J.: 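Sending over a structure as structure tokens; questions will come in a sec.
We number each residue from 1, following the sequence as shown. From a predicted model like this one, the values you see are computed outputs, not experimental measurements.
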Amino acid sequence: MTPTTHLGPVGQRISAKLRQNFSPSALEVIDESYQHAGHSGAGPDGESHFRVKIVAEAFRGKSRVDQHRMVNAALAEELRERVHALAIQASAP
């Protein structure tokens with residue numbers, strides 16, 4: 001199986017929330033659920049494991065831990081309801 005280039009509803013919601021909260025200069029949301037099929041936390045419908053690459057001014061001067069906390073706070077609902085794993089690569093421009 002190969003990575004999903006088209007985001008489903010959960011991936012689209014993640015993208016929309018990150019754009020709304022951070023106005024990023026660059027954003028990539030990647031559904032990596034295919035790599036975790038059959039693993040704990042992997043849902044049968046996918047959309048459970050994501051990687052986010054985001055560049056936003058809001059991260060300037062923040063530690064990596066603070067950047068991750070900011071992203072996790074913005075996506076709290078998704079992490080609570082559906083998303084099992086979220087890899088975050090955040091930086092300032």
Side-chain angles (χ1 to χ4, degrees):
M1 197 170 225
T2 58
T4 303
T5 54
H6 175 304
L7 291 174
V10 176
Q12 290 175 15
R13 196 165 66 219
I14 288 170
S15 182
K17 282 191 172 184
L18 293 174
R19 288 185 191 288
Q20 180 182 27
N21 280 277
F22 301 109
S23 300
S25 57
L27 175 63
E28 188 175 4
V29 178
I30 305 159
D31 184 351
E32 296 182 334
S33 301
Y34 74 97
Q35 295 176 337
H36 304 277
H39 296 177
S40 175
D45 299 331
E47 290 204 284
S48 59
H49 293 69
F50 288 90
R51 177 172 303 277
V52 169
K53 298 177 183 180
I54 183 170
V55 179
E57 190 60 42
F59 301 130
R60 186 171 305 284
K62 303 280 194 283
S63 70
R64 183 180 305 193
V65 170
D66 287 338
Q67 292 171 352
H68 286 215
R69 285 179 179 153
M70 293 166 69
V71 171
N72 285 331
L75 301 177
E77 182 180 347
E78 288 72 22
L79 291 167
R80 185 173 47 253
E81 293 177 358
R82 176 76 184 257
V83 176
H84 176 72
L86 180 66
I88 301 168
Q89 294 171 269
S91 63

J.: To the closest 0.5 Å, what do you measure between CZ (R51) and CD1 (I88)?
T.: 10.5 Å
J.: What distance separates L7 CG from E28 CD, expressed to the nearest 0.5 Å?
T.: 9.5 Å
J.: Which heavy atom of K17 sits nearest a heavy atom of L75, and at what distance?
T.: CB-CD2, 3.9 Å
J.: If I compare all heavy atoms of S48 with all of S33, which pair ends up nearest, and what's the gap?
T.: N-OG, 2.8 Å
J.: Ignoring hydrogens, what is the shortest heavy-atom contact between K62 and Q67? Give both atom names and the distance.
T.: O-NE2, 3.4 Å
J.: Is the shortest distance from a Lys or Arg side-chain nitrogen in E77 or R13 to a carboxylate oxygen in the other one below 4.0 Å?
T.: no
J.: Quick one: pull up CZ in R64 and CZ in F59 and give me the separation to the nearest 0.5 Å.
T.: 12.5 Å
J.: Atom OG of S25 and atom CD1 of I54: how far apart are they, to the nearest 0.5 Å?
T.: 8.5 Å
J.: Which heavy atom of L86 sits nearest to which heavy atom of L79, and what is that distance?
T.: CB-CD2, 4.0 Å
J.: Would the distance check show the side chain of E32 and the main-chain N or O of H49 forming a donor-acceptor pair, the cut-off being under 3.5 Å?
T.: no
J.: Consider only side-chain heavy atoms of I, L, V, M, F, W and Y, link residues closer than 4.5 Å, and tell whether M70 and V55 are in one cluster.
T.: no
J.: Do S15 and L27 come close enough that some side-chain heavy atom pair is under 4.5 Å?
T.: yes
J.: Checking side chain to side chain contact (heavy atoms under 4.5 Å, CB included) for the pair V10/D31: CA distance, chi angles, key distance, verdict?
T.: CA-CA 9 Å; V10 176; D31 184 351; over 6 Å; no
J.: Which atoms form the tightest heavy-atom contact between I14 and E78, and what is the distance?
T.: CG1-CG, 4.2 Å
J.: Identify the heavy atoms of A56 and F22 that sit nearest to each other, and give their distance.
T.: CB-O, 3.7 Å
